[in-house]
Amino acid sequence: MEITVDQAVKMIQQSKKITFLTGAGVSTPSGVPDYRSLQGVYHGLEAPEYLLSSECLIREPEKFYQFVKHLYHEEARPNIIHQAMAEMENTKDIWVISQNIDGLHETAGSRHLVNFHGSLYDCYCRKCQQAVAWTDYLQSDTHKDCGGQIRPNIVLYGEGFEDAVIQQAITAVGNAELVVIVGTSFQVHPFCDLIYEKRKDAKVLVINQTPIPLAGEYNFVQANGTAVFEKV
């Protein structure tokens, strides 16, 4: 059912246990391009999935490194969506499960957070497993201590998900009385499958600029997330 921005705001305000499922559209107001739009980082690239794959990481490490470096947006700051979700933790039972790897939910202060696809700002050496500062990674993908290859701790194409991450996300969705899907086409598995873990009596609210494929009853507001969260 399509609803207004004000109705969406009211649903959020009246709920005490909320789990947010967030995608690239949450960070575009912060200046982080999304992956799929014509303005996104994939535009003009023939095989973006390959460039972000474990195969590319191993076979063509320089090509992988040059692409991943362009995913960092050091100047980006949390917007009203990130900030509102973080602030709600002070008065409600809030969880955020995000597809994004940009670290903006952490910067905004979200503590009950599942970075479903990892974070660009969590880097380590593949050879010695030592943690490496992301700022060092942007200077070189070779670890100065052992000569190993540095990589960000993100889930690449061709890699599996950690069971602990999956379970934490499932628990967060199952605990919610309201599940809010924000800024995502909701087509990437297994992230989009999390909706099946909700309680039968839980309500679903979708805040997106385009409709998404979703089974069952849900409320949909066709808007940028900022329009809703600046009123929450």
Side-chain angles (χ1 to χ4, degrees), residues 18-37 39-42 48 51-54 57 64-90 94-126 129-141 143 149-157 159 161-162 164-166 168-169 172-173 180-186 188 190-191 194 207 224-226 229-230:
I18 309 172
T19 294
F20 296 100
L21 303 177
T22 71
V26 164
S27 292
T28 50
S30 294
V32 179
D34 65 40
Y35 292 107
R36 299 296 176 186
S37 73
Q39 293 78 34
V41 294
Y42 284 178
L51 294 171
L52 266 182
S53 69
S54 56
L57 171 75
F64 175 87
Y65 180 53
Q66 291 305 320
F67 179 67
V68 169
K69 280 203 299 184
H70 288 99
L71 300 181
Y72 285 85
H73 297 274
E74 303 169 55
E75 74 290 345
R77 294 293 177 266
N79 59 60
I80 188 63
I81 308 173
H82 303 104
Q83 293 164 351
M85 290 179 186
E87 288 171 5
M88 277 187 235
E89 285 191 21
N90 296 322
I94 300 293
W95 275 89
V96 176
I97 307 170
S98 186
Q99 289 178 288
N100 300 336
I101 55 177
D102 53 38
L104 291 177
H105 280 298
E106 286 105 322
T107 304
S110 285
R111 301 181 302 278
H112 297 158
L113 173 66
V114 181
N115 282 318
F116 202 71
H117 291 155
S119 173
L120 287 168
Y121 298 91
D122 174 17
C123 299
Y124 68 93
C125 174
R126 294 182 62 228
Q129 300 298 306
Q130 183 178 328
V132 179
W134 65 270
T135 48
D136 291 343
Y137 177 58
L138 288 183
Q139 298 301 315
S140 172
D141 67 342
H143 192 202
Q149 182 188 18
I150 303 169
R151 62 162 289 178
N153 192 13
I154 58 177
V155 181
L156 303 174
Y157 289 99
E159 292 183 332
F161 288 77
E162 293 182 10
V165 172
I166 296 283
Q168 192 176 28
V173 171
V180 185
I181 301 168
V182 192
T184 171
S185 60
F186 215 56
V188 176
F191 183 79
L194 291 172
I207 304 169
N224 186 305
T226 56
F229 288 91
E230 65 187 7

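Being a predicted model, the structure only gives us computed values, none of them experimental. When reading the values below, keep in mind they use all heavy atoms of this one structure, side chains included, and skip hydrogens, waters and symmetry mates.
At least one donor-acceptor pair closer than 3.5 Å links the side chain of E89 to the backbone N or O of R111. Not a single donor-acceptor pair under 3.5 Å links the side chain of N153 to the backbone N or O of C123. In this structure, the side chain of T184 does not engage the main chain of T22 through any donor-acceptor pair within 3.5 Å. Under a 3.5 Å cut-off, the side chain of Q149 and the backbone N or O of L57 do form a donor-acceptor pair. Side-chain atoms of S27 do not come within 3.5 Å of backbone N or O of A24 as any donor-acceptor pair. Side-chain atoms of Y137 never come within 3.5 Å of backbone atoms of D122 as a donor-acceptor pair (strictly under, hydrogens ignored). Between the side chain of H117 and the main chain of Q99, a donor-acceptor pair closer than 3.5 Å is present.
Summarising the geometry of F64 relative to L51, their closest heavy-atom pair is CD1-O, 3.2 Å, with the distance given to 0.1 Å. Annotation for T28 and G25: closest pair OG1-O, 3.1 Å, computed over non-hydrogen atoms. Contact record, Y121 with H73: OH-N, 3.8 Å, taken as the closest heavy-atom pair. Scanning all heavy atoms of the two residues, the minimum distance from P190 to I166 falls at CG-CD1, 4.2 Å. Of all non-hydrogen atoms in G109 and A86, the two that sit nearest each other are C-CB, 3.9 Å. Considering every non-hydrogen atom in both I97 and A169, the closest pair reads CD1-O, 3.5 Å.
Contact check for L21 versus V173: side-chain heavy atoms found under the 4.5 Å cut-off. Using a 4.5 Å heavy-atom threshold, the side chains of N115 and I101 count as separate. Side-chain contact check for M88 versus F229: some heavy-atom pair is nearer than 4.5 Å.
Rounding to the nearest 0.5 angstrom, the gap separating the CD1 atom in I94 from the CD atom in E87 is 11.5 Å. In this structure, L138 CG and Y65 OH are separated by 6.0 Å, a value rounded to the nearest 0.5 Å. Expressed to the nearest 0.5 Å, how far NE2 of H112 lies from CE of M85 amounts to 15.5 Å. Of the inter-residue distances, the one linking F116 atom CZ with S98 atom OG reads 11.0 Å to the nearest 0.5 angstrom. The line from NZ of K69 to CD of Q139 is 8.0 Å long, rounded to the nearest 0.5 Å. Rounding to the nearest 0.5 angstrom, the gap separating the OG1 atom in T135 from the OH atom in Y72 is 9.5 Å.
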Side chain to side chain contact (heavy atoms under 4.5 Å, CB included), that's the test. Do F20 and V26 meet it? Break it down for me. CA-CA 11 Å; F20 296 100; V26 164; over 6 Å; no
What verdict does the side chain to side chain contact (heavy atoms under 4.5 Å, CB included) test give for W95 and I18, after you've listed the backbone C-alpha separation in whole Å, the side-chain angles of each residue and the deciding distance to 0.1 Å? CA-CA 7 Å; W95 275 89; I18 309 172; over 6 Å; no
Could you walk me through whether D102 and L120 pass side chain to side chain contact (heavy atoms under 4.5 Å, CB included), step by step? CA-CA 6 Å; D102 53 38; L120 287 168; 5.6 Å; no
Does the side chain to side chain contact (heavy atoms under 4.5 Å, CB included) test come out yes or no for V68 and L52, once each step is laid out? CA-CA 8 Å; V68 169; L52 266 182; 3.9 Å; yes
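Checked options P29, S30, S110; the residue passing with H82 is S30 (criterion: side chain to side chain contact (heavy atoms under 4.5 Å, CB included)).
Applying the salt bridge (Lys or Arg N to Asp or Glu O under 4.0 Å) rule to E159 yields the partners R151; only residues at least two apart in sequence or on another chain are considered.
By the neighbour-count criterion of 12 heavy atoms within 6.0 Å, atom CD of E162 is sparsely surrounded, having that number or fewer from other residues, nucleotides or ligands.
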